[in-house]
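Scroll down for the structure; my scribbles are underneath it.
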Amino acid sequence: MEKLTYPLLCYPIQENAWLGLLVGTNHQVVEKDIKSVKNALSDYLQREYKKHDDYPYENIISPKIKTLEIKIRPTYREGNGQFPSPNIIKVPVTAVYGENDSNGYECYFPILKDNFYYYDPKQFKSLANHFATNILNRMKPKEINKLFLYGKPILEEVSLRVNYDRDLNWGDNTYQRTYENLTRFAEKYPYSKSERKKISSFPEAAWEQEKLVDNIANKIAAENSNILIVGEPGTGKSAVLKQTFKKLNTRMKKQGGDLTFWRIMPQRITASSKYLGEWQEKCESIIQELQYANGILWVEDISRLMMIGGQGPEDSVASFFSSFLREGKLNLVGEVTPSQLESMRRMLPGFVENFRIIPLKELNEKSIFNILDKFSGFSAQNLKINIDKSALELSYRLLLRYYPYEKFPGKAVRFLSGTINEARLNQKKSINKKDIIAEFSKRTGLPSLFLRDDLKLDTDELKDWFNSRVIGQSAAIRKLNEVVKIYKAGLNNPHKPIATLLFAGPTGVGKTASARALADYFFGKGQKKSPLIRIDMSEFRHAGQISQLIGSGREVGKLVKEVRERPFAVLLLDEVEKADPSIFDALLTVLDEGRLVDAYGRVTNFRNVIIIMTSNLGSSNRRSLGFTDTEEESVRYNSAISKFFRPEFVNRIDNVVMFNSLNEKNIIEITKKELKDLKEREGFTKNNIKLEFTEAVVQHLKTVGFDDRYGARPLQRAIEDKLTSPLANWILEQGQAKNYKILIDYSDKLTISKL
């Protein structure tokens, strides 16, 4: 065994707390003292070495430490402008440096997470100042301020014992080759039974696809082909490949062949690469080891090979692999969707030409139910959980309607697997229709009203539900009721968002409250996260910011990220008119087809989303409380919307919903509603404290909380400042008292008394 030592930088961050940074890696830990820091990192490295036969690259010989004082002038950014600070500041930056094992020198800035190489030790000071200054100049003032929180660092070291002879294993005088990079970045497949049980208790079967499995197995074994299975999400591409490898593995054992299969995630190849050319070396080593192992590489999410490595597809890992594929030195297998294949052909046609394309279509209904029956049989025999026939049929119907963008059998197997896991947690032995509806509500937030045909919609109850949450907007509430009725009847277009609405009207009249009410009604029954996705479109005023919204290249935008995380939601695009016009063009496909496809063929679906855009277009700057002409307002708003947006954008909106200015009666109702919500806060309900408000309090809050320009929006702030804060102080003065009533009154000032 040999001992490796790694430089460790320790910072005091507060009393009894030290931050340890393992120089040259991303490993860090916080412990009570330096000794604990060293022990924690040493134990972690040793565990990882035993588990993966891998350890960080140890490069610096006899490292040294130096703290530099870097002078910079921070720059603040607002919009498109940059404004330098009037003062020059000195920022402490710690460098760990020394000779490396390549007869050169290397310097790390652990806190800044960067490093550089140099060849003359006399250049260290000037180069260190240069690199540190460049890094700090790219940082925001807020990030620079954090650097002052660290204390004076101490340089320590952590050791790791490794076996340099692990590559050679002599047993019974027989040489056995090991595959260092292949086992480091990929996993051998098929898994053993014990490994398989750790991953999942469900079968890896390709039911109803036996002929296709045989066909692919023959092409791989006899023709040495690179295979690309093409099918929509859920058609069973991965299941077919898994079954193919199992079949080939069994065949090789019987015939005495030595074909092996390896499963890899593309991002693992480049994840730990630090210097130019490193990932290429890894790839060459993997290819060489695959040749030794007579191996076939199964790349999950194979289209991602175009996104990693270089700046674009032309210098990506996929491009690097292309020459080896053409020469027959590498065998790859993968699966893609049709849109991903189209993107790959457009962006890197030479890579795709090396593959035999095998299409995989969705199975017919009879085959799907055969698969569901087999899955149910497996569950009953191996997991001891029975699934009712009616539950299987209900699952099929719900998934067919609410997940139209995914295909069978994949979506059914995933859904039923989740339902079985839930049953096992609750120690249930059977799954019925009630369990299916509960699981579906949990995943989507949809209430049972939408999932059960036998439940009728109570229109009066529906109207009351929205009236209790939205005040003074009867016309808008009628539109919201229509959306619910159309969806309940199953008459919404399944190839578009559930509804696309534009809420028009002045500020502070209930547009956001209406969106929140609709989100709670549709999707508020099971999701852990809020079913309302709110995006402030005033943050995207410039054409260059479109990538921040929908993404660009490898980066995922805010809109795409949110909808992928919550595919059943209300999407609120607030103050939509403030966004750059190019963003409206980007949204046309979303509004029209309910989907967004990026340059790499990745699809984001909006077909279970209600899209609501709010706009103040047409609002006058001054409004008189109680003296509004609804018809005149409607004409003004419609005219402003038609003039501002292009016709093709307006034509994709299902309804323009008008919100009226509030009158005095509405403001009083909203005030009473807010006070009712206040009574339900935890501090009152937990201690059984009842609140009573006089009419004078309501009138006072209405006066200070309503603004002609901002409507009822300042009301909540007024309640917090004028009522909640004094109430909190008064209750705290009472000590631990519980179970009493409080009367709040107002004359010249607020008075609080115990009843």
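Worth knowing before you read on, the calculation uses all heavy atoms, side chains too, and leaves out hydrogens, waters and symmetry mates.
The local environment of CD in Glu327 is crowded, with over 12 non-hydrogen atoms from other residues, nucleotides or ligands closer than 6.0 Å. Within a 6.0 Å radius of NZ in Lys247, other residues, nucleotides and ligands contribute 12 heavy atoms or fewer. Heavy-atom contacts from other residues, nucleotides or ligands closer than 6.0 Å to CG of Asp120 number more than 12. Other residues, nucleotides and ligands contribute only 12 or fewer heavy atoms inside 6.0 Å of the CD atom of Gln381. The local environment of CD in Glu232 is crowded, with over 12 non-hydrogen atoms from other residues, nucleotides or ligands closer than 6.0 Å. Lys558 NZ: more than 12 foreign heavy atoms inside a 6.0 Å radius.
Although no hydrogens or angles enter the test, the distance criterion places a donor-acceptor pair under 3.5 Å between the side chain of Thr25 and the main chain of His27. Remark: side-chain polar atoms of Lys411 are paired, donor with acceptor, to backbone N or O of Leu399 under 3.5 angstrom. Judged purely by atom type and a 3.5 angstrom limit, Arg607 uses its side chain to pair as donor or acceptor with the backbone of Glu593. Remark: the backbone N or O of Lys246 is paired with a side-chain donor or acceptor of Thr250 at under 3.5 angstrom. In this structure, the side chain of Ser379 engages the main chain of Ile385 through a donor-acceptor pair within 3.5 Å. Side-chain atoms of Gln209 never come within 3.5 Å of backbone atoms of Gly236 as a donor-acceptor pair (strictly under, hydrogens ignored). Remark: the backbone N or O of Tyr405 is not paired with any side-chain donor or acceptor of Asn605 at under 3.5 angstrom. Judged purely by atom type and a 3.5 angstrom limit, Thr244 uses its side chain to pair as donor or acceptor with the backbone of Val240. A donor-acceptor distance shorter than 3.5 angstrom exists from the side chain of Glu289 to the backbone of Asn181, with no hydrogens or angles considered. Side chain of Thr183 to backbone of Tyr179: a donor-acceptor contact under 3.5 angstrom is found.
Residues Ala206 and Ala239 approach most closely at CB-O, 3.7 Å, considering heavy atoms. The nearest pair of heavy atoms linking Asp315 to Gly312 is OD1-O, 2.7 Å. In plain terms, the two heavy atoms of Val96 and Pro7 that are nearest each other are CG1-CB, 4.4 Å. Nearest heavy atoms, Ser339 versus Val603: OG-CG2, 3.7 Å. Contact record, Tyr600 with Pro313: OH-CD, 4.2 Å, taken as the closest heavy-atom pair. Minimum heavy-atom separation, Trp279 to Gly309: NE1-O, 3.4 Å.
Atoms CD1 and CZ, from Ile135 and Phe109 in turn, are 5.5 Å apart once rounded to the nearest 0.5 Å. To the nearest 0.5 angstrom, Asn294 atom CG is 6.5 Å from Thr260 atom OG1. In this structure, CG in Asn331 is found 9.5 Å from CG in Leu297, a value given to the nearest 0.5 Å. Taken to the nearest 0.5 Å, the CG atom of Asn370 stands 6.5 Å off from the NZ atom of Lys366. Between atom CG of residue Asn218 and atom CZ of residue Arg251 there is a gap of 5.0 Å, rounded to the nearest 0.5 Å. Residue Leu241 holds its CG atom at 3.5 Å from CD1 of Ile229, rounded to the nearest 0.5 Å.
Ion pairing of Lys374 with Glu208 is present here, as a side-chain N (NZ or NE/NH1/NH2) and a carboxylate O approach within less than 4.0 Å. Looking at Glu439 and Arg443, a side-chain N of the basic residue comes within less than 4.0 Å of a carboxylate O on the acidic one, giving a salt bridge. Between Arg184 and Glu180 there is no salt bridge, since no side-chain N of the basic residue sits under 4.0 Å from a carboxylate O of the acidic one.
For the pair Arg356/Leu228, no side-chain contact is recorded, criterion being any heavy-atom separation below 4.5 Å from C-beta on. Looking at heavy atoms from C-beta onward, Leu596 lies in side-chain contact with Phe606 at the 4.5 angstrom threshold. When side chains are defined from C-beta on, Leu305 does not count as touching Phe320, because their heavy atoms never get closer than 4.5 Å. Counting heavy atoms from C-beta outward, Pro56 and Leu45 have side chains that approach closer than 4.5 Å. Glu314 places none of its side-chain heavy atoms less than 4.5 Å from the side chain of Ser319. Here the side chains of Ile358 and Lys219 are in contact, with some heavy-atom distance below 4.5 Å. Looking at heavy atoms from C-beta onward, Ile264 lies out of side-chain contact with Glu187 at the 4.5 angstrom threshold. Taking the side chain as every heavy atom from C-beta outward, Ile371 and Leu363 approach each other to under 4.5 Å.
The salt bridge (Lys or Arg N to Asp or Glu O under 4.0 Å) test with Glu300 is passed by exactly one of Arg263, Lys237, Arg268: Arg263. Tyr403 pairs with exactly one of Phe568, Phe415, Phe408 by the ring pair (Phe, Tyr, Trp, His ring centres under 6.0 Å) rule, that one being Phe568.
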Open item on the list: Apply ring-ring contact (aromatic ring centres under 6.0 Å, His included) to residues Tyr105 and Tyr117 and explain how you reach the verdict.
Closed with: CA-CA 6 Å; Tyr105 298 84; Tyr117 296 87; over 10 Å; no
- [ ] Determine, step by step, whether Arg326 and Asn354 satisfy the side chain to side chain contact (heavy atoms under 4.5 Å, CB included) criterion, reporting the C-alpha distance in whole Å, the side-chain angles of both residues, the deciding distance to 0.1 Å, and the verdict.
- [x] CA-CA 6 Å; Arg326 284 193 299 271; Asn354 296 292; 3.1 Å; yes
Open item on the list: Working note: Glu406 + Arg414, criterion salt bridge (Lys or Arg N to Asp or Glu O under 4.0 Å); need CA distance, chi angles, decisive distance, verdict.
Closed with: CA-CA 11 Å; Glu406 291 186 28; Arg414 283 192 296 274; 2.8 Å; yes
- [ ] Take Leu348 and Ser316, measure what side chain to side chain contact (heavy atoms under 4.5 Å, CB included) needs, and give me the verdict at the end.
- [x] CA-CA 10 Å; Leu348 202 62; Ser316 64; 4.3 Å; yes
TODO: In sequence, state the C-alpha distance, the side-chain angles, and the governing distance for Leu160 and Ser42, and then conclude on side chain to side chain contact (heavy atoms under 4.5 Å, CB included).
DONE: CA-CA 7 Å; Leu160 170 68; Ser42 180; over 6 Å; no
Task: Working for side chain to side chain donor-acceptor pair (under 3.5 Å), residues Trp298 and Glu335 - done: CA-CA 9 Å; Trp298 171 21; Glu335 71 258 29; 3.2 Å; yes
Open item on the list: Working note: Phe351 + Leu325, criterion side chain to side chain contact (heavy atoms under 4.5 Å, CB included); need CA distance, chi angles, decisive distance, verdict.
Closed with: CA-CA 8 Å; Phe351 179 67; Leu325 291 168; 3.6 Å; yes
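For Thr337 and Arg602, the side-chain atoms include no donor-acceptor pair closer than 3.5 Å. A donor and an acceptor atom, one from each side chain of Tyr108 and Glu106, are located under 3.5 Å apart. Glu555 and Ser547 share no side-chain donor-acceptor pair at under 3.5 Å. Counted by atom type alone, Asn364 and Ser367 present one or more donor-acceptor pairs between their side chains at under 3.5 Å.
In summary, the aromatic rings of Tyr97 and Phe124 are positioned with their centroids under 6.0 Å apart.
Classified by interplanar angle (parallel below 30°, tilted 30° to 60°, perpendicular above 60°), the ring pair Phe116/Tyr118 is tilted.
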